[in-house]
Amino acid sequence: MRPAGKDKLESLYFKYPKFEFRRVPELDGRAVKHPVAIAGAGPVGMTAAITLACHGLPCVLLDSKDTLNDGSRAICISRHSFQVLRQLGAVDPFVKKALGWTHGRSYYRDQMIYRMEMPHSEQERFFPMYNLQQQYIEQFLLDRIGDFAGLIDVRWQTEVTDVEVADEEVALAVATPAGRYTLRSSWLIAADGARSRVRDSLGLRLKGDNLPGHYVIADIRMNHDFPTERRCFFESAANPEATILIHRQPDRIWRVDWQLPANEDPEHAVEEGNIRARIRSILDMIGHEGSWELEWWSIYTANTLCLDDYRHGRILFAGDAAHIVPIFGVRGLNNGIVDAVNAAWKLACVADGRARDSLLESYTPERRGATLDVFRSAGKSSRFMTPPTRGLALMRKAALQLSLTHDFPKRFADPRQVVPYNYRDSPLTVGGSDFAGGVEAGDVVVDRKMPEGGYLLDHLGSGFTGLYFCEQDRLDHRASETFERLAGVDRLFKPLIVATRAVAGTEIEVIEDRSGGIFSAYAAADRTFYLVRPDLYVAARWRSVEPRTIEETLLRILGRI
Amino acid sequence: MNDRLRFEDLEKAYDMIAAGIDDAGPDRESLFLAKLCLTLAHHVGDLAVVEQAIADARANLRP
């Protein structure tokens, strides 16, 4: 919602583009079958489209809107999401515009009780978290989509009205300003949001719980001098009954988020006058006396809802279409981005013959597994932010009061921010190798800063990457053979050598690691080999290179043997 | 008190006590908590620790 007298897209800081409708061949009766269609051009759908394009696969991206998301909505982007965006060649504008952060403060009755600090080091290219309004997230992804004009066919003002699934294709009935048509594709990624039309058309339902409590999020513009940190206020003077969150965003925009008291009517609470009064009292509390302008606000509830299966034959559900999670811990957008990449690289491999359909069977265990993990931790956060019973409310008060003088209960106030879910139990992960430390199979790769500048993960490829650790001055012939075999399996395979000294006689890219920092982060010795998935997860690792074994592992992952 | 609970276990204790309060209901929650404290004091086995805990609980005591 926006202040009275303002248009739906009249923002203090963001100029909304208007996307024209473009006539498409289907409207002139030409039968076209697309390899992949994506319903929903939000951050999840756009990420999926870019991932497919990076694999060289064309797709059609549909959205009923003629512009970007109205309002800033999701604002926190995690380090892992930035790593994914880097992989997609999209991260630069994000780095330039977004505000990175590492810390947070929690207050009880206006006294600071907890200093949150997220893991960070100079080895990381990215901050643990960034704040950026969703319109910018979408704008920057759309700019990247523009680089793939021949591969990504974006169709705005195109609304999905019905879905039919046949053996070999998905048929989407769509409505446009120029009439209706049927869009046929071999595969569909449904990224059409919490009220997914695709999901409803198939008669599928999200299952789970609606947690009690309503929350308001409001964006205001003001000159306010405070670092980019998450601030959380329990029982503050401004809102003793509820919890307040404050985040800084680019363009002098601040996000204020508060919980409605149980007895406050949500419809009454979102009236502009009441929104302004509440914000004024919150600003008084934080000592902001200057002027401010109201930009936008919205109301939401916390839910833990998801589909039983994220794959339905030729349709993969991603983002809010598959799951609705509480905001605490910023997992909605971030998990949606990981869903998109997971679905898209697998579909790309299946569509161009690198993998068999069975690869897609790993999508639900990996991504629904991640959702259930979110429910566990976000459930705990929600129970602290919004205690649903008298017992939990009393315990929270006890923990907060004790936190004024003791350290031991302070972690209860930790927001449990998103961390990448591990795929150690995934059917694609090959575990069991004998390593002391390093990055386990099923975990996300770790970054390392290089002495000459740049970072290790800048060098990974769009397909699978093979990371060979070398302490010799010549490449072992078994390593060369492994690289050759893997390149024969995945045409996008990227070979990479991490070496403690110069390696002669090879065309393969060598990353020099004289200090041994990368070796140590990966618990590697001479001949160690890591097989990294296109979505930055370690699929398997070995203490020595056996070309045939490693090739068979990749073939098995791709369902080809 | 040298073997303090790991935070994960403290969280479980938090949930179990909350459930106990809810099971007791508003009329009997104080009695439940008093019995719980007395039992824990017995298990702690050190009066000075119990006295300190009581002082800590009394500090900042506001509804």
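The structure presented is a predicted model; accordingly, all values stated were derived computationally and were not measured. Just so it is clear: chains get the letters A, B, ... in the order the sequence lines come, proteins before strands, and each one is counted from 1.
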- Query: Between A/Arg109 and B/Pro63, which heavy-atom pair has the shortest distance, and what is it?
  - Reply: NH2-O, 2.8 Å
- Pair A/Phe408 + B/Phe7: ring centers closer than 6.0 Å: no
- Bottom line for A/Arg383: the part with an atom under 4.5 Å from chain B's heavy atoms is side chain
- Point-to-point distance, once rounded to the nearest 0.5 Å, from CG of A/Leu394 to CD1 of B/Ile17: 11.0 Å
- Task: Classify the ring geometry between B/Tyr14 and A/Phe412 as parallel (under 30°), tilted (30 to 60°) or perpendicular (over 60°).
- Result: parallel
- When the 4.5 angstrom heavy-atom criterion is applied to A/Ala399 and chain B, the contacting part is side chain
- For A/Arg280, does the CZ atom sit with more than 12 other heavy atoms under 6.0 Å from it, leaving out its own atoms? yes
- Message: To the closest 0.5 Å, what do you measure between CD (A/Gln401) and CG (B/Asp56)?
- Response: 12.5 Å
- Note on the structure: When the 4.5 angstrom heavy-atom criterion is applied to B/Glu29 and chain A, the contacting part is side chain
- Message: Given heavy-atom pairs under 4.5 angstrom as the criterion, report whether the side chain, backbone, both or neither of A/Leu392 touches chain B.
- Response: both
- Relative to chain B, which of A/Arg390, A/Arg411, A/His406, A/Arg396 shows the most heavy atom pairs under 4.5 Å? A/Arg411
- Message: Ignoring hydrogens, what is the shortest heavy-atom contact between A/Lys397 and B/Arg62? Give both atom names and the distance.
- Response: CD-O, 4.2 Å
